[in-house]
Amino acid sequence: DAADNADLAALQRMLSGEDGEDGAAADGATAAAGAADEEAEAEEGNTVATAEQLTKGLEGAEEEVGAAEQMMGLNGKGGESPTRHSQRESDPSAARLLGIQTSQVVMYVPGQGVRPYPFSRVFDGQSEQDKVYDLCARPAVLSCLNGFNACVLAYGQTGSGKTHSCFGPQGTLEGATGVSGQSGIVVRALSEALEAAQMLEESSRLSAAPVTTKLSASYVEIYNDQVTDLLTGDMCDVRRAGGALSGAVECPVESLDGALRLLRAGQVRKRFAATAMNDRSSRAHTVFILQVRQTRGDSLVNATLHLVDLAGSERLKKSKAEGKRKTEAVGINKSLMVLGKVIAALVEGKSHVPYLETKLTTLLKGALGGASRTTALICCRQDDAQADETLQALRFGERCSLVTNAVQSVAASSASEALAAIDSTLKSCQSQMESLRNRGKSHLSAFKQLQDRVEQLTQRRRAIADVARQEA
């Protein structure tokens, strides 16, 4: 075994361009951030190989991989030990992870050979939570505070570290009073947003246009394409027109302690279950939505931050899910398939993008292909037994990096003008509803859509009026 491992380690070092260091990271999840406009510099001391060193020519690399595999086979090693090398011994043509570097993951892909997957930043299983947040999520939080919609989307197979990255390890929220070393992206984003809002108000207090910032949050779960408000436990919905939540509570966020209480309230309502692949597998997609409303003098700016922890994709033959767990897995995989179709349609520039096929893609319509700065956090497992799922996740991240969003600041010239525009639209909607009602057409879907629109506009008007009243 030692000889085999040494041969394989030497091959990995050659392919990853490293000398004297193990090209594979320690066991754990690997998160690759795919923000197209964020380029992080390589850490001092890390060796970054050239493309020529990485590939060594497609044919030459394949021959060397084959030679190492043949040597391992001749040594007569057998057994079913679940190590990184077990799959290579049983299926030499299978996909496998070859190396991890600062800005790319190198895979052996059947039929293609050695294939690097570039990302803005790659983290190994030993990376600290604050480092992942600083390079992946902080730019999105700052964009939201500057009036731009933003989104951080965690994607990957079950057990790859999505929930760990978003919310921290199990038990982190219990008894928490602030940000700790294990805190995930959501807690860190809330803490930074609250601190920045306070600093902005204090620094602008004596200026001609003082800034007031109000934060509020919604917290929902999408399970088998049904939406539940995690703050109340009640069912809610997603409006097909616009993708806004309907019937979900929007709670003010005034302190980190209050925000942590909201997260703990939602945590107890989340759906988890044990499978053969993960002892605590998320069985639903979780979406935390932070609304940022700012007044700058008489100007009003609204922005939304989506923090998304997707349920993990899984293969039934590996997860061994049965009964209810099997139904859940089918629902999860279906919604992730539609998400993949949406990304593919955006990349190919198709005129029709299937946002409305699931509640998840309807809710994330603005984040996926609208005016939003969106970061995909791709989480992977490093063991070769999961290499096919790792390859699929990397390919999804690669497609996401090809989507270009037109980021725009969402601002009204003044609070009074915003209220006037909403009042005008409300009047038009109510007039159309009255016309349909008089003609006996109130049973039509168009009438229901107008009702939803009126409810949405009324909520928005109330929020703007509250901010304007406090500013006055």
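Worth saying up front: this structure is predicted, and the values here are computed from it rather than measured.
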Over all atoms of both residues, closest heavy-atom pair of A248 and V220: CB-CG1, 4.3 Å

Trace of the side chain to side chain donor-acceptor pair (under 3.5 Å) decision for E221 with T228: CA-CA 5 Å; E221 177 183 77; T228 303; 4.9 Å; no

Value rounded to 0.5 Å, distance of CZ in R269 from CZ in R264: 13.5 Å

Least distance between heavy atoms, V253 atom then L194 atom: O-CD2, 3.7 Å

Point-to-point distance, once rounded to the nearest 0.5 Å, from CG of L336 to CD of Q392: 8.0 Å

Whether over 12 other heavy atoms sit under 6.0 Å from Q459 CD: yes

Side-chain donor or acceptor of Q294 paired with backbone N/O of L145 under 3.5 Å: yes

Separation between OG1 of T163 and CG of D309, rounded to the nearest 0.5 Å: 3.5 Å

K270 charged N/C atom sitting above Y219 aromatic ring, 6.0 Å / 45°: no

D452 backbone acceptor or donor facing R239 side chain under 3.5 Å: yes

Main-chain N/O of G161 paired with S165 side-chain donor or acceptor, under 3.5 Å: yes

V132/R138 under side chain to side chain contact (heavy atoms under 4.5 Å, CB included): CA gap, chis, key distance, verdict: CA-CA 9 Å; V132 176; R138 172 170 280 156; over 6 Å; no

From CD (Q129) to SG (C166), nearest 0.5 Å: 9.5 Å

Under 3.5 Å side-chain donor-acceptor pair for Q101 and Q104: yes

Trace of the side chain to side chain contact (heavy atoms under 4.5 Å, CB included) decision for S180 with T172: CA-CA 8 Å; S180 67; T172 302; 4.2 Å; yes

Any donor-acceptor N or O pair under 3.5 Å, side chains S216, E250: yes

Rounded distance [0.5 Å steps], CZ in F167 versus CZ in F288: 8.0 Å

Non-hydrogen side-chain atoms of L290 and T304 separated by less than 4.5 Å: no

Criterion side chain to side chain contact (heavy atoms under 4.5 Å, CB included) on K365 and Y355, from CA distance to verdict: CA-CA 6 Å; K365 178 179 179 180; Y355 291 115; 3.7 Å; yes

Cation-pi, F119 ring and R121 (6.0 angstrom, 45 degrees): no

Inter-residue atom distance L339.CG - L153.CG, 0.5 Å rounding: 6.5 Å

Minimal non-hydrogen separation, I343 against C400, with atom names: CG2-N, 4.0 Å

Side chain to side chain contact (heavy atoms under 4.5 Å, CB included) assessment of S401 paired with V403: CA-CA 6 Å; S401 68; V403 178; over 6 Å; no

Beyond-backbone contact of V238 with L245, side-chain heavy atoms, under 4.5 angstrom: yes

R381/E389 ion pair, N-O < 4.0 Å: no

Minimal non-hydrogen separation, C136 against V152, with atom names: O-CG2, 4.4 Å

Nearest non-hydrogen partners of L260 and A176, listed with the distance: CD1-O, 3.5 Å

Side chain to side chain donor-acceptor pair (under 3.5 Å) evaluation trace for Q386 with Q157: CA-CA 9 Å; Q386 313 298 332; Q157 75 171 116; 3.3 Å; yes

Residue pair L97 / M107: nearest heavy atoms and the distance that separates them: CA-SD, 3.6 Å

N-O pairing of D225 and K334 below 4.0 Å: no

Exam field: side chain S218 to backbone V249, donor-acceptor pair closer than 3.5 Å: yes

